[in-house]
Chemist: 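Pasting a structure below so you can have a look.
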Number of protein chains: 2
Amino acid sequence: MSVAHTEVTHQAAGPCGDDDCGIRDVLDRIGDKWTVLVMVELAKGVRRFRELHRAVPGISQRMLTLTTRRLCRDGLVERTAFATIPPQVEYRLTPMGRSLAEAVQRLADWSREHKDAMEDARTRWDAGHPGEG
Amino acid sequence: MSVAHTEVTHQAAGPCGDDDCGIRDVLDRIGDKWTVLVMVELAKGVRRFRELHRAVPGISQRMLTLTTRRLCRDGLVERTAFATIPPQVEYRLTPMGRSLAEAVQRLADWSREHKDAMEDARTRWDAGHPGEG
DNA sequence: CAGGATCCGGACGGATACTG
DNA sequence: CAGTATCCGTCCGGATCCTG
């Protein structure tokens with residue numbers, strides 16, 4: 001990281017002090033509201049801006065712009081603009097982006113496998129802890 | 001290995017239309033600021049509240065309380081309170097929590113493997129896009 | 001069509017004081 | 001020690017309007 005000039009916060013020496021972590025790095029990238037949804041859509045193939053906008057329900061054009069830009073900046077997505085009228089822009093995952101998409105996909109697999117168990121746990125917890133939100 | 005080969009799966013249903021994905025479910029749980037850090041620490045063994053507080057630098061007692069409670073509610077962490085004076089509370093990962101910790105660990109592995117490449121990509125992007133964040 | 005610029009509410013999380 | 005209660009600033013993201 002190139003933030004040596006500012007305060008380094010959670011890089012100290014905690015649960016990730018030794019050899020692991022980097023967990024925060026990746027979560028800071030995919031932990032937001034839209035990034036993985038855009039990546040999953042791009043994992044299906046090349047998409048134009050408007051196609052992404054429709055394929056990811058609920059995202060605003062502003063957030064789609066910010067999300068794709070961040071993905072491009074991190075080298076996870078490649079942007080190709082054609083100087084046509086009207087303009088046409090294509091987005092596609094880079095090899096590194098595809099590799100991250102696979103890793104994320106495994107998390108999604110885990111989620112589906114344990115979804116029922118987690119809901120049960122929640123139900124049990126809520127039953128034993130009334131008056132809490 | 002599913003995303004790489006089969007580029008186009010099924011067009012219908014957005015990236016996470018309704019039935020599949022589950023990506024948002026798991027990200028809503030681990031995508032916050034502290035959850036995975038607490039989980040990684042608990043992956044090392046049983047911890048008391050104060051131990052967690054010290055092991056995760058920067059976390060406030062409030063956020064530690066909220067984080068552990070959510071983990072307990074989802075069945076990822078088990079809480080054991082001893083009615084001693086002073087009180088003593090132990091936290092440990094459940095089997096499901098350990099399984100999630102492993103999945104998260106793989107993401108962290110990916111992050112470390114590609115950290116340099118992403119920094120390079122950023123540097124290149126920033127060089128070609130002056131005057132932006 | 002693909003964004004940029006701006007305004008704004010609300011959630012997330014930090015700091016502090018208090019309790020059993 | 002292990003929380004609870006309260007106040008408060010920040011910032012993410014939605015809505016809207018404008019541009020090439």
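Order of the sequence lines fixes the chain letters, A, B, ..., with proteins taken first and strands second; residue numbering starts at 1 for each chain. Side chains included, hydrogens not; waters and symmetry mates left out as well; all remaining heavy atoms used.
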Chemist: Measuring from atom OG of A:Ser111 to atom CD of A:Gln105, what distance do you get when rounded to the nearest 0.5 angstrom?
Modeler: 10.5 Å
Chemist: Would you say B:Arg62 reaches C:dG13's phosphate, i.e. side-chain N/O to OP1/OP2 under 4.0 Å?
Modeler: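 Negative; the distance criterion is not met.
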Chemist: B:Leu64 has an atom CG; how far is it from atom C1' of D:dC1, in whole Å?
Modeler: 13 Å
Chemist: Expected output is a numbered-order residue list: members of residues 80-92 of chain B with a heavy atom under 4.0 Å from any atom of DNA chain C. What is it?
Modeler: B:Pro87
Chemist: For residues A:Thr35 and A:Asp32, is any side-chain donor paired with an opposing acceptor at under 3.5 Å?
Modeler: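 Checked: A:Thr35/A:Asp32 side chains pair up, N/O donor to acceptor below 3.5 Å.
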Chemist: Under 4.0 Å between a side-chain N or O of B:Arg50 and OP1 or OP2 of D:dC1?
Modeler: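 Yes, such a contact exists.
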Chemist: Is it true that A:Glu113 and A:Lys115 make a salt bridge, defined as a side-chain N closer than 4.0 Å to a carboxylate O?
Modeler: no
Chemist: Kindly say if B:Arg69 contacts the phosphate of D:dG3, meaning a side-chain N or O under 4.0 Å from OP1 or OP2.
Modeler: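 Negative; the distance criterion is not met.
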Chemist: For the side chain of B:Arg48, counting heavy atoms from C-beta on, which of D:dC1, C:dC1, C:dG14 is nearest?
Modeler: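 When the side chain of B:Arg48 is considered, D:dC1 is the closest of D:dC1, C:dC1, C:dG14.
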Chemist: How close or far is atom C1' of D:dA2 from atom CZ of B:Arg47, stated in whole angstroms?
Modeler: 17 Å
Chemist: If we check side chain to side chain contact (heavy atoms under 4.5 Å, CB included) with A:Val36, which of these qualifies: A:Val104, A:Thr67, A:Leu100?
Modeler: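 Of A:Val104, A:Thr67, A:Leu100, side chain to side chain contact (heavy atoms under 4.5 Å, CB included) with A:Val36 is met by A:Val104 alone.
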Chemist: Rounded to whole angstroms, how far apart are CG on B:Leu37 and C1' on C:dG13?
Modeler: 14 Å
Chemist: Would you call B:Arg112 and A:Asp25 a salt bridge, using N to O less than 4.0 angstrom?
Modeler: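 No salt bridge links B:Arg112 with A:Asp25.
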Chemist: Quick one: A:Met63 CE to C:dC7 C1', roughly how many Å, whole number?
Modeler: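 The answer, rounded to whole Å, is 16 Å.
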Chemist: Could you tell me how far apart B:His129 (NE2) and C:dG4 (P) are, to the nearest whole angstrom?
Modeler: 11 Å
Chemist: With a 3.5 Å distance limit and no angle check, can you tell me whether B:His53 reaches the backbone of B:Phe49 through a side-chain donor-acceptor pair?
Modeler: no
Chemist: Take the protein atom NZ of B:Lys33 and the nucleotide atom P of C:dA11, then report the distance between them rounded to whole Å.
Modeler: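 B:Lys33 atom NZ is separated from C:dA11 atom P by 19 Å.
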Chemist: Would A:Arg47 and A:Glu41 pass as an ion pair if we require N to O under 4.0 Å?
Modeler: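 Judged by the 4.0 Å cut-off on N to carboxylate O distance, A:Arg47 and A:Glu41 do form a salt bridge.
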Chemist: Taking CD from A:Gln61 and P from D:dT16, how many angstroms apart are they, rounded to a whole number?
Modeler: 10 Å
Chemist: Side chain of B:Phe49, heavy atoms from C-beta onward: which of D:dG3, D:dG14, C:dG3 has the nearest atom to it?
Modeler: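 The answer is D:dG3, which lies nearest to the side chain.
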Chemist: Expressed in angstrom and rounded to an integer, what is the separation of B:Leu66 atom CG from D:dT4 atom P?
Modeler: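 The distance from CG of B:Leu66 to P of D:dT4 comes to 9 Å, rounded to the nearest Å.
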